[in-house]
Amino acid sequence: MQIVVAGQGYVGLPLAVRAAEVGHRVVGYDVDTHRVQQLAAGQSYVRDVDSSRLRAVLDSGAYSATADAAALVGFDIAVITVPTPLRDGVPDLTYIESCARTLGEHLCPGATVVLESTTYPGTTEELLLPILEEASGLKGGVDFLAGFSPERIGNKRWSFDGTPKLVSGINAKSLDVIKGFYDGIFQTTVPVSGTKVAELAKLIENTFRFVNISMVNEMAMLAASLGVNIWEAIDAAATKPFGFTRFTPGPGVGGHCLPVDPMFLSWKAQQDLGVPFRFAELAADVNRHMPDYVVRRLVDALDKRGMPISRSRILLLGLTYKYNATDLRNSPSARVAELLIGLGAEVRGAEPNIPDGDDAKLNVPRVDATPDEVAAADAVVLLMDHPRFDLPMIEKNATYVLDCRNRLSGVNVETL
């Protein structure tokens with residue numbers, strides 16, 4: 001089939017390449033011309049897609065990247081994988097709206113549009129469908145099909161195509177076609193009764209993680225005040241073989257999902273029902289203040305050593321929002337750095353996962369975590385324990401370490 005994947009980021013590019021690999025003709029559409037140029041040159045900027053895989057589907061002709069909407073003509077299935085950020089606590093769906101208008105102008109009878117971007121329940125039927133109908137002059141569920149299938153990026157254990165894929169449609173025929181498409185890409189598809197169920201399921205997944213991370217972060221602060229090792233306590237609790245899921249503390253949450261998605265449901269509940277989603281709001285408050293807690297712990301540790309923060313040299317290790325990622329979006333490290341700089345500290349950052357030349361994305365001067373750099377710092381803060389960091393070297397050379405990941409040991413190391 002002729003497939004359009006609108007949005008060639010962390011979600012869209014893996015889907016587009018996989019769809020091309022299984023035999024579809026895929027157009028990767030993105031309004032970012034620089035991104036399109038990189039893709040056309042066979043350069044992947046997404047960790048889940050090796051450049052060799054990208055070049056293979058480019059060379060075969062199965063995949064092409066474009067910023068020209070005219071190339072969307074004649075698609076059988078279009079998948080929307082655009083960002084859905086929060087702006088001052090309000091969901092910003094302008095990317096979905098713009099993409100829907102563009103696709104609607106090229107929508108032909110019999111075609112299908114699938115939304116993958118995370119959003120609040122009702123978006124597919126209440127927002128996407130009317131825009132497609134207005135732009136195309138066609139009737140959804142009659143002249144064209146539509147549905148929602150939330151993105152699920154894989155992890156170290158689960159591959160992209162090995163992660164079960166939720167699918168839904170605005171009617172039975174839509175679900176049948178959408179399921180058939182994803183059956184050819186994913187090992188397992190899980191159909192649900194409607195788009196609102198699929199939309200809510202995605203928010204449940206991420207809110208579950210968000211709330212539990214927030215809970216364990218607050219417990220970490222309480223444990224430190226009580227003189228209890230939170231990491232040992234978590235290890236002990238995790239010996240229970242049922243009824244417990246292990247979560248660990250850190251400097252906060254980041255990325256494009258956890259700090260954003262639960263707030264979609266909170267906003268929707270307030271808008272439609274006039275009631276707060278208290279768990280999500282409380283969790284957001286805890287995580288919002290974790291960088292402040294990290295800085296307070298660092299200030300106290302340096303004060304005990306007779307060193308004012310205003311004249312201290314601080315080395316931050318790992319600035320992405322999660323382990324071994326290349327994504328800085330909403331990373332708590334940015335807030336940690338901002339607070340330290342505001343207190344007069346000399347802050348440097350080591351981030352091996354950001355390509356050379358992308359230093360402008362970092363908000364602190366970039367250095368390598370060499371023995372000399374580690375030794376020169378008055379304090380080292382391990383924010384993200386990337387595998388490329390030499391942890392034994394850090395233990396040996398650092399004067400003092402605040403370890404937010406429980407990866408280091410020694411008399412010069414304190415854990416969060």
Side-chain angles (χ1 to χ4, degrees), residues 47 155-157 209 212-221 223-224 227-239 245-255 258 287 290-291 293-298 300-302 305 313-328 331-337 340 347-354 362 364 366-416:
R47 181 173 292 276
N155 60 16
K156 289 183 291 184
R157 179 181 176 187
R209 292 170 59 205
N212 279 281
I213 291 171
S214 302
M215 180 196 70
V216 80
N217 276 338
E218 187 164 35
M219 281 193 169
M221 291 186 277
V228 179
N229 186 320
I230 184 65
W231 302 92
E232 183 181 0
I234 291 171
D235 288 342
T239 62
T245 301
R246 180 188 176 90
F247 288 88
T248 56
V253 297
L258 291 195
N287 275 305
M290 282 308 294
Y293 175 70
V294 170
V295 171
R296 286 201 307 273
R297 285 284 302 274
L298 184 60
D300 290 343
L302 289 174
R305 289 161 175 77
R313 178 167 167 170
I314 311 298
L315 176 61
L316 304 180
L317 300 180
L319 305 179
T320 60
Y321 81 94
K322 71 176 182 179
Y323 175 83
N324 211 26
T326 59
D327 195 346
L328 293 165
S331 175
S333 65
R335 179 59 178 163
V336 171
L340 290 172
V347 184
R348 303 182 179 200
E351 179 45 72
N353 286 4
I354 299 299
L362 307 174
V364 292
R366 184 180 192 175
V367 297
D368 293 326
T370 63
D372 288 344
E373 190 69 43
V374 169
D378 296 311
V380 173
V381 184
L382 183 65
L383 295 169
M384 198 56 61
D385 51 325
H386 296 319
R388 292 171 64 182
F389 287 135
D390 185 345
L391 300 183
M393 179 276 290
I394 294 167
E395 291 175 344
K396 178 181 177 181
N397 290 278
T399 302
Y400 166 77
V401 181
L402 178 59
D403 179 5
C404 299
R405 296 295 168 182
N406 194 36
R407 293 298 308 279
L408 303 169
S409 61
V411 295
N412 58 336
V413 176
E414 287 184 359
T415 55
L416 190 64

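Side-chain atoms are counted along with the backbone in the values below, which use heavy atoms only and exclude waters and symmetry mates. Not measured: the values here are computed from a predicted model.
- Between F389 and G318, the shortest heavy-atom contact is CZ-N, 3.4 Å.
- The minimum heavy-atom distance between R335 and P291, with the atom names listed, is CG-CB, 3.5 Å.
- Once rounded to the nearest 0.5 Å, the distance linking CD of E232 with CG of N406 reads 10.0 Å.
- Taking each heavy atom of L298 and A379 in turn, the nearest pair found is CD1-CB, 3.6 Å.
- The heavy-atom pair separating L319 from S333 by the smallest distance is O-OG, 2.7 Å.
- A distance of 9.5 Å separates OG1 in T399 from CZ in R305, rounded to the nearest 0.5 Å.
- Rounded to the nearest 0.5 angstrom, D368 CG and R388 CZ are separated by 9.0 Å.
- By the 4.5 Å heavy-atom criterion applied to side chains, I234 and P249 are counted as neighbours.
- Listed here is the closest heavy atom pair of Y323 and D385: CE1-O, 2.9 Å.
- Put simply, the side chain of R246 never gets that close to the backbone of A238: no donor and acceptor are under 3.5 Å apart.
- Side-chain N or O atoms of T370 include one that pairs as donor or acceptor with a backbone N or O of E373 at under 3.5 Å.
- To the nearest 0.5 Å, the span separating CZ on R405 from CG on L416 amounts to 8.5 Å.
- Between the side chain of N412 and the main chain of E395, a donor-acceptor pair closer than 3.5 Å is present.
- Atom-to-atom distance recorded for K322:NZ and S331:OG is 12.5 Å, nearest 0.5 angstrom.
- Closest heavy-atom contact between Y400 and E414: OH-OE1, 3.0 Å.
- Remark: the backbone N or O of D372 is not paired with any side-chain donor or acceptor of N397 at under 3.5 angstrom.
- Heavy atoms from other residues, nucleotides or ligands lying under 6.0 Å from CE of M221 number more than 12.
- Judged by distance alone, the side chain of D403 and the main-chain N or O of L408 form a donor-acceptor pair under 3.5 Å.
- The structure places CG of N212 at 11.5 Å from OG1 of T248, a figure rounded to the nearest 0.5 Å.
- For F247, the ring-ring contact (aromatic ring centres under 6.0 Å, His included) criterion is met by F208, not counting sequence neighbours.
- Between T320 and H386, the closest side-chain pair of non-hydrogen atoms falls below 4.5 Å.
- Between the side chain of R47 and the backbone N or O of N324 there is at least one donor-acceptor pair closer than 3.5 Å.
- Judged by distance alone, the side chain of N287 and the main-chain N or O of G252 form no donor-acceptor pair under 3.5 Å.
- Listed for the E351 side chain is no donor-acceptor partner under 3.5 Å among the backbone atoms of R366.
- Within the 4.5 Å cutoff, the side chain of L316 has heavy atoms near those of the L340 side chain.
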